[in-house]
Amino acid sequence: MSNYTDKKLLNTIGLSYGELSLKGKNRGQFEKKLRNKINKVLKGFDYQLFDDLSKLYVLINSENLDEITDKLRKVFGIVGLNQSAKVERNDEIIKEKVLEFANYAYEQGARTFKIKVNRSNKGFEKKSMDYARELGGHVLVNSLFEQVKMKDPDIMINVDIRKNVYIYTDRIKTYGGLPLGSTGKGLVLLSGGIDSPVASFMMAKRGMRLNFVTFHSFPFTSHQALEKVKELTDILSLYVGKTRLYSLNILKIQEAINIQTKKDLATILTRRAMMRLAERLSGVMQYQALITGESLGQVASQTMGGLTCTNASVEKLPVFRPLIGMDKTEIIEIAKEIETYEKSIEPYEDSCVIFAPKHPVTNPKLEDVLAEEAKIENYDEIMNEIFEEREYFNFG
Ligand code: ATP
Ligand code: MG
């Protein structure tokens with residue numbers, strides 16, 4: 001937000017939703033989801049949600065401006081926010097308010113300005129360009145400004161004419177995406193690392209409602225390690241709303257793998273067990289996809305061979321890997337933006353690391369993996385036990 005804007009003038013936040021407007025007859029439904037979500041995140045605030053010529057607005061108290069803006073920033077489906085002053089469609093009032101914007105900007109050091117008029121309401125008698133010129137003239141006559149500048153002015157005052165009129169200076173770009181719940185429901189395999197929280201964010205942004213599952217190896221992994229994943233879930237609930245984290249202790253299958261199979265395939269075999277357990281949860285909870293934080297080539301288990309072997313353990317569901325083509329630096333950038341990074345880098349042991357081989361096979365073959373897996377006695381019974389002993393925690 002520009003320092004040239006008087007926040008005390010701002011009493012309304014306009015919401016733009018680009019992609020939604022393209023969705024034709026689905027638009028109504030998306031808009032309803034968006035409204036529901038907005039009402040949820042603004043619970044407890046004094047506000048009013050309304051539409052004006054098919055754009056949504058939130059009328060607020062100016063003192064809550066930043067706090068409410070921050071909440072709305074995290075709502076998927078919104079591409080931009082305008083912190084505006086809402087006024088009546090009355091020439092005198094509009095001129096007066098534009099002048100207030102200009103005077104404040106001048107006091108703060110702005111020396112050039114531009115007025116831009118957008119007239120969605122074609123019933124408004126004056127043409128946009130003419131009205132912009134008229135308002136500009138009014139500012140030049142009544143303020144200390146001496147110069148209008150069409151290109152790169154110090155301050156741009158936008159006047160959006162609808163049933164009411166909204167005056168604003170900046171547009172805040174937000175995440176975009178689709179309203180939560182509009183594309184389905186998925187289950188994220190959430191470790192305590194950097195990647196899976198980012199993968200969660202990416203799918204939530206595309207409108208997926210999410211739950212989470214984490215695997216631990218207590219007592220080889222600590223209670224703090226699980227606490228860390230819970231805290232990550234708590235941060236993610238800011239984006240995904242009400243959610244649930246399942247926690248499964250996979251130590252029994254890890255021990256069986258460790259004792260009965262070749263050491264260098266342990267990670268892949270563990271990963272396959274995780275996928276199976278996640279898919280089984282989906283059978284109970286109707287998740288439509290599994291989601292992981294895998295990225296091609298990042299570690300030994302994420303080579304083409306590794307991914308092929310992991311993938312083959314999933315029977316029915318699609319597995320979404322939204323980070324597959326991203327570099328670690330890009331992933332870290334998003335982790336910082338969504339505020340999971342600091343939590344993710346806290347050093348607690350991950351359950352895969354416990355029995356991780358010193359020299360994992362970097363490009364395992366599925367037939368070798370299947371042959372090793374077949375050696376494990378009572379595989380199904382062990383998996384049943386693990387599944388039956390699952391716990392869960394609710395968030396949001
Ligand atoms: P992350 O940073 O998300 O931990 P990573 O780079 O450490 O990822 P891996 O440990 O190989 O990668 O894990 C790949 C993916 O498998 C993770 O992104 C996550 O989706 C899933 N996964 C790994 N370990 C666990 C676990 N203990 N519980 C739940 N999911 C896990
Ligand atoms: Mg990990």
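Heavy-atom basis, side chains included; hydrogens, waters and symmetry copies ignored. In each ligand, atom 1 is the first atom listed, and ligand 1 is the first ligand listed.
Atom NZ of Lys242 sits in a sparse spot, with 12 or fewer heavy atoms from other residues, nucleotides or ligands closer than 6.0 Å. Heavy atoms from other residues, nucleotides or ligands lying under 6.0 Å from CD of Gln108 number more than 12.
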- Step by step, work out the ring-ring contact (aromatic ring centres under 6.0 Å, His included) result for Phe201 and Phe76. CA-CA 10 Å; Phe201 169 79; Phe76 298 124; 5.5 Å; yes
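By the salt bridge (charged side-chain N to carboxylate O under 4.0 Å, His left out) test, Lys8 is found to be paired with Asp6, residues two or more places apart in sequence or in another chain being considered.
Atom numbering of ligand 1 starts at 1 in the shown order; those under 4.0 Å from a heavy atom of Val213 are 29 (C). Near Thr214, with a cut-off below 4.0 Å to any heavy atom, the atoms of ligand 1 are 28 (N), 29 (C). Each of the following atoms of ligand 1 lies closer than 4.0 Å to a heavy atom of Asp195: 1 (P), 2 (O), 3 (O), 5 (P), 6 (O), 8 (O). Of all atoms in ligand 1, listed by their number and element, those nearer than 4.0 Å to a heavy atom of Thr292 are 20 (O). Taking every non-hydrogen atom of Gly293 and a distance limit under 4.0 Å, the qualifying atoms of ligand 1 come out as 17 (C), 18 (O), 20 (O). Counting the atoms of ligand 1 from 1 in the order shown, those under 4.0 Å from a heavy atom of Gln302 are 9 (P), 11 (O), 12 (O), 13 (O), 14 (C).
For atom 15 (C) of ligand 1, the choice among Gln298, Glu294, Met274 with the nearest heavy atom turns out to be Glu294.
Residue Leu190 touches ligand 1 through its backbone alone, judged by heavy-atom distances below 4.0 Å. Using a 4.0 Å cut-off between heavy atoms, Ser301 contacts ligand 1 through its side chain alone, with no backbone atom that close.
For the pair Val299 and ligand 1, the shortest N or O to N or O distance does not fall below 3.5 Å.
Between the side chain of Asn249 and the backbone N or O of Leu251, at least one donor-acceptor pair lies under 3.5 Å.
For the pair Arg119 and Phe124, the NZ or CZ position fails the cation-pi test of under 6.0 Å to the six-membered ring centre and within 45 degrees of the ring normal. The side-chain tip of Arg111 points at the ring of Tyr106 from less than 6.0 angstrom away and within 45° of straight on.
Listed by first and then second residue, the ring-ring contact (aromatic ring centres under 6.0 Å, His included) pairs involving residues 366-389 amount to none (not counting sequence neighbours).
Residue His216 places no heavy atom under 4.0 Å from ligand 1.
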